[in-house]
Amino acid sequence: MGRYVARRLGQMVIVLIGATMVLFACLFVLPGDPVGSIAGSDKARDPAVVAELKARYGLDKSLPEQYVNYVSKVATGDLGEDFIQRREVSEILGPKLANTAKLALLAITLVTVFGMGVGIIAALYRYSILDMATTFFTTMAVGFPTFVIGMLLMKWFAVELQWFPQLGGDKLEGMVLPAVTLAITDIAFVARLTRGTMLEVLRADYVKTAVAKGLPRRRVLFKHVLRNSSIPVVTYLGISFGALLGGALITEAIFNWDGVGLALVQAIQQQNNPIVIGVVTYSVAIFVVLSLIVDLLYAALDPRIRLS
């Protein structure tokens, strides 16, 4: 186990280097002048100001030199200095990461509870009216874009009924609409995935044998069926949680939620490269760590899987 985790952590470093390298190359070839966004259009015409700013932020160096400098700083926990506010990137992103994490935790909790719950009920009562209703509504939910769901929820529950605030806040009621917006599509996916995998496991020979031996229905369901059908669901939940932690750009923009996604949108508009690179580095690290956790959960859910 220890050797496996160490190897995966080594792979994480390689993935981080590759992702940031690609991002650096993309930012280098994109049109625009970051110096102009730092100094303003008037000062950007002054050669002395341009030279000073380029030297301060290392923009006068070649792309490989800029990348090596960035990696060496990241290794010490330094993500650089923000172009606009002239503050440390880690200081700016810290509160935004916390806001995104709170929203992601609430959303993934809703996805796990309602998605798996609906999928289990639909599988146990397959071909019933409940099952057909579940299939219909999950298909509808998957087909709706996230921004449409967010606007509809805001219109109905914030503007007309006034049950929740229109814009997100620190309190729980301010998180409900953004979290539900993020969760609805994933709830539909998880419900359909849970139903499909459970129906497949219910037809397996070992389940029929367990029932024939007289094991209680609840024990068969939870120990054999649900546990063995959870692996694809755990995979999807891990990917979904990673995407949520990486920042939900559209949802955070709709509800003006001060998270990583909104910060990334604003940084791209302002050509604020340190924030963009910092957010992407964080997002890639989250995905790799969650991928490792999911792999470890595989072995816990299914003893036939061995980490090698």
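Numbers for residues simply follow the sequence, beginning at 1.
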Rounded to the nearest 0.5 Å, what separation is found between the CG atom of Leu93 and the CD atom of Glu88?
11.0 Å
In one Ile/Leu/Val/Met/Phe/Trp/Tyr side-chain cluster, 4.5 Å: Phe114, Leu244:
yes
Inter-residue atom distance Leu262.CG - Thr251.OG1, 0.5 Å rounding
11.5 Å
Set of residues satisfying side-chain hydrogen bond (donor to acceptor under 3.5 Å, both in side chains) with respect to Thr146, sequence neighbours excluded
none
So OG1 of Thr181 and CD of Glu252: to nearest 0.5 Å the spacing works out to 11.5 Å
Please confirm whether the backbone N or O of Leu245 pairs with a side-chain atom of Tyr282, one donor and one acceptor, at under 3.5 Å?
yes
Least distance between heavy atoms, Gly259 atom then Thr100 atom
CA-OG1, 3.3 Å
Taking every heavy atom of Pro232 against every heavy atom of Leu193, the minimum-distance pair comes out as O-CD2, 3.5 Å
Check whether Met116 and Val118 end up in the same hydrophobic cluster, where Ile, Leu, Val, Met, Phe, Trp and Tyr are linked by side-chain heavy atoms less than 4.5 Å apart.
no
Checking Glu91 now: which residues fulfil salt bridge (charged side-chain N to carboxylate O under 4.0 Å, His left out) with it, not counting sequence neighbours?
Arg87
Correct closest heavy-atom pair for Glu173 and Phe164 would be O-CD2, 3.5 Å
Salt bridge (charged side-chain N to carboxylate O under 4.0 Å, His left out) involving Arg203 - partner list, sequence neighbours excluded
none
Any salt bridge (Lys or Arg N to Asp or Glu O under 4.0 Å) involving residues 256-272? Give me the pairs, sequence neighbours left out, ordered by first then second residue.
Lys96-Asp258
Search all heavy atoms of Leu290 against all heavy atoms of Gly238 and return the closest pair with its distance.
CD1-O, 3.7 Å
Kindly write out the residues that satisfy side-chain hydrogen bond (donor to acceptor under 3.5 Å, both in side chains) with Lys73, not counting sequence neighbours, or none if the list is empty.
none
Pairwise distance CG(Leu161) to CG(Leu153) - rounded to 0.5 angstrom:
11.0 Å
Could you tell me which residues satisfy side-chain hydrogen bond (donor to acceptor under 3.5 Å, both in side chains) with Thr138, sequence neighbours excluded, listed by chain and number?
Arg192
Is there a path of hydrophobic side-chain contacts, each under 4.5 Å between heavy atoms, that joins Val190 and Ile239?
no
Looking at Leu221, Leu199, Leu130, Asp131, which hits side-chain contact (heavy atoms from CB on, under 4.5 Å) with Leu124?
Leu221
Give me the atom names and distance for the closest heavy-atom approach of Met132 to Tyr127.
CE-O, 4.3 Å
Suppose the criterion is ring pair (Phe, Tyr, Trp, His ring centres under 6.0 Å): which pairs have a residue in residues 137-159, not counting sequence neighbours?
Phe157-Trp163
Against Phe241, only a single residue in Ile286, Ile293, Asp186, Leu105 fulfils side-chain contact (heavy atoms from CB on, under 4.5 Å); can you say which?
Leu105
Would a hydrophobic clustering, with Ile, Leu, Val, Met, Phe, Trp and Tyr connected at side-chain separations under 4.5 Å, put Val201 with Leu226?
yes
Ring pair (Phe, Tyr, Trp, His ring centres under 6.0 Å) with Tyr70: which residues, sequence neighbours excluded?
Phe24
Set of residues satisfying side-chain hydrogen bond (donor to acceptor under 3.5 Å, both in side chains) with respect to Ser291, sequence neighbours excluded:
Arg8
The criterion is salt bridge (charged side-chain N to carboxylate O under 4.0 Å, His left out); which residues satisfy it with Lys155, sequence neighbours excluded?
Glu160
Gap separating the CG atom of Asn273 from the CD1 atom of Ile268, nearest 0.5 angstrom
10.0 Å
State, to 0.1 Å, how close Thr185 and Ala141 come at their nearest heavy-atom pair, and which atoms those are.
OG1-O, 3.8 Å
Contacts satisfying ring pair (Phe, Tyr, Trp, His ring centres under 6.0 Å) that involve residues 172-192 (not counting sequence neighbours) are Phe189-Tyr236
What about Val148 and Met151, same hydrophobic cluster or not, with Ile/Leu/Val/Met/Phe/Trp/Tyr joined at side-chain heavy-atom distances under 4.5 Å?
yes
Using atom types as modelled and distance alone, determine if a side-chain donor or acceptor of Thr194 lies under 3.5 Å from a backbone N or O of Ala191.
no
The complete set of salt bridge (Lys or Arg N to Asp or Glu O under 4.0 Å) pairs with one or both residues in residues 271-290, sequence neighbours excluded, reads none
Rounded to the nearest 0.5 Å, the CD1 atom of Ile108 sits from the CD1 atom of Ile187 at a distance of 9.5 Å
What do the steps show when you test Leu264 against Ile275 for side-chain contact (heavy atoms from CB on, under 4.5 Å), and what is the final call?
CA-CA 7 Å; Leu264 180 60; Ile275 295 291; 5.9 Å; no
Dump the intermediate steps for side-chain contact (heavy atoms from CB on, under 4.5 Å) on Asn272 and Gln266, then the final yes or no.
CA-CA 8 Å; Asn272 198 348; Gln266 294 172 345; over 6 Å; no
